[in-house]
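A quick note: this is a predicted structure, and the numbers were derived from the prediction, not measured. Side-chain atoms are counted along with the backbone in the values below, which use heavy atoms only and exclude waters and symmetry mates.
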Amino acid sequence: MTQHSTRKALVVGAGIGGLAAAATLRRAGVEVQIFERAPELRPGTTAVSLMSNAILALRTRGIDIAPSLDKRAEIFDELKFLTRRGGLIRALPFRELADRLGASNYAVHRADLQQALLDALGDDLTIELGAAATGFVTGDDGVEVTFEDGRKASGDVLIGADGFNSAIRRQVAGADEPRPGNYECWLATVPFSHPRLTKGYAAHYWGRGQRFGLADIGHGRAYWWGTKNVPAGASGASGPSGASGASGASGASGGGRSGKAEIARHFAGWADEIQEVIRATPEETIVRITAQDRPFLQRWGTGRMTLLGDAAHPMLVSLGQGAALAIEDAVVLAAHIEQAKDPASALRGYEDERRPRTEALVAAARALSETEQLEGLVPATMRDLYFRFAPLSKFTSQNEAVLTWPPLG
């Protein structure tokens, strides 16, 4: 047991970030209580990219989930960018970089990633379900959280990992409005085979104001996602932001359902594998969300509380880093709590370390997302030409800066 003064942490939210925070904090000698507002632990029906930096970050805390993911998920060695009909624009290699860094990149079902993190937590941790946080009070000696059903919990620190619509964030930042991405997303996983869906297949298909992603997530399953621009200010089903990369827009809880016939019309004339995977997907499993993030929050906490993951820095859906950044947050948080004697100072140190990287990647995700959703003929053509002919070294250096842990520079 370490000698720091943080003995007990309250984690609100049992998503990827909350589970990672619990696992890393327990490795730092901290007792953890997790509270989840849902009545059962539901990982969602979609998938995510889990990139090298997340695997490497966890290893610095003595946690290696790669063996679990090797059994449950699928490694992708390249990411293809294709035209709407399946013609190659560019293939970005990841294998050489992954070998050099020492960790692979995975396309993984959320349930499989959740199980890998639960395995890292061990069997002796109870997650309190049906616990919807409504607020907190922080003082010199600790922090107290209140819940809708009247429950209260006390600890030394509070970690708000309750996602895009975080109740803990709302007390810190007020009712900051989501920032629309001006496109909607459809997402699903389905058992699927097709000659083009080879082992480790990961591809983004680009149209004008539309995209489609298709990835092999292992065990005969495919994850797909589609996007289509909507007019600025148009309303849609709300949901968390999530990540893309090889596995597209993730984060589907809170979204609405969408008719398969409508989706098929949007992607009529696209590559055969796209039309086939839509046809193979049961309509009731397709989730619809509206792409959105929030203006970057400079103040994540006060006193003995802080935010983590989507509660702190929700992203749009183009970098494949939403899950990885939440895990990075957890690793850095645990290191600061382990090293600092004062809990509040530990949390401020964690926030100061994380803000520059997360702010840069939130901005990069929005910029890339806007580029990928270009609708005009000339802008979309110029985009495709740039990605086809820009030096590979440019993309490699950009990927290396994101996937390396500890971060470069």
Side-chain angles (χ1 to χ4, degrees), residues 11 13-24 41-59 61 63-66 68-69 72-76 79 94 98 103-121 159 161-164 166 185 187 189 202 213 215 217-218 223 225 239-254 289 291 293 307-333 354 357-358 361-362 364-365 399 402-403 405 407:
V11 177
I16 292 168
L19 294 178
T24 55
L41 198 58
R42 298 192 304 262
T45 61
T46 59
V48 296
S49 298
L50 194 70
M51 308 300 280
S52 300
N53 48 305
I55 307 297
L56 294 167
L58 282 173
R59 284 179 186 164
R61 306 303 302 172
I63 300 170
D64 190 0
I65 63 171
S68 178
L69 296 179
R72 293 185 169 100
E74 194 63 60
I75 295 170
F76 64 95
L79 175 59
F94 282 91
S104 297
N105 300 287
Y106 295 89
V108 54
H109 196 287
R110 280 183 171 268
D112 294 326
L113 177 54
Q114 180 189 76
Q115 189 57 56
L117 292 170
L118 287 169
D119 290 346
L121 273 169
I159 314 303
D162 47 342
F164 189 91
S166 167
C185 308
L187 316 95
T189 59
I217 60 172
Y223 174 51
W225 50 270
S241 56
S244 64
S247 51
S250 65
S253 61
I289 64 172
D293 61 7
L307 301 172
L308 181 148
D310 270 355
H313 45 75
M315 304 171 68
L316 284 178
V317 295
S318 291
L319 283 183
Q321 280 292 320
L325 287 186
I327 289 172
E328 285 186 9
D329 285 351
V331 167
V332 174
L333 173 66
R354 291 302 292 157
R357 178 167 166 86
T358 56
L361 292 182
V362 167
N399 285 330
V402 175
L403 299 183
W405 187 267

Check: Under 3.5 Å, is there a donor-acceptor pair between the side chain of Asp329 and the main chain of Gly309?
Finding: yes
Margin query: To check you understand the geometry: which heavy-atom pair defines the closest contact between Val11 and Ala161, and what is its length?
Written below: CG1-CB, 4.4 Å
Note to self: Looking at every non-hydrogen atom in both residues, tell me the closest pair between Ala323 and Val48 and how far apart they are.
What the structure shows: CB-CG2, 4.4 Å
Notebook entry, point to check: Which pair of heavy atoms, one from Asp119 and one from Ser68, lies closest together, and at what distance?
Noted result: OD2-OG, 4.2 Å
Check: Nearest 0.5 Å, what's the CG-CZ distance between Asp112 and Arg110?
Finding: 12.0 Å
Notebook entry, point to check: Should Asn105 and Met51 count as side-chain neighbours, where that means a heavy-atom distance under 4.5 Å?
Noted result: yes
Item checked: Residue pair Leu41 / Leu118, side-chain heavy-atom distance below 4.5 Å -> yes
Notebook entry, point to check: Should Leu50 and Ile55 count as side-chain neighbours, where that means a heavy-atom distance under 4.5 Å?
Noted result: yes
Note to self: Could you report the tightest heavy-atom contact between Phe76 and Ala202, atom names first, then the distance?
What the structure shows: CB-CB, 4.1 Å
Next item on the list: State which residues pass side chain to side chain donor-acceptor pair (under 3.5 Å) with Glu328; sequence neighbours excluded, sorted by chain then number.
Entry: Asn53, Arg354, Arg357
Item checked: For Asp64, side chain to side chain donor-acceptor pair (under 3.5 Å) partners two or more places apart -> Arg59
Item checked: Which atom of Leu113 lies closest to which atom of Val108, heavy atoms considered -> N-CG2, 3.7 Å
Notebook entry, point to check: Do the side chains of Pro314 and Phe164 get nearer than 4.5 Å, heavy atoms only?
Noted result: yes
Notebook entry, point to check: In Å, rounded to the nearest 0.5 Å, how long is the span from CD1 of Ile327 to CD1 of Ile63?
Noted result: 9.5 Å
Item checked: Note, Val317 side chain near Trp225 side chain (heavy atom, < 4.5 Å) -> no
Next item on the list: Measure across Ala103 and Ser52 and return the closest heavy-atom pair with its distance rounded to 0.1 Å.
Entry: O-OG, 2.8 Å
Margin query: Side chains of Leu361 and Leu325, heavy atoms from C-beta outward: is any pair under 4.5 Å?
Written below: yes
Note to self: Quick one, Thr24 and Leu333 - any side-chain contact, counting heavy atoms below 4.5 Å?
What the structure shows: no
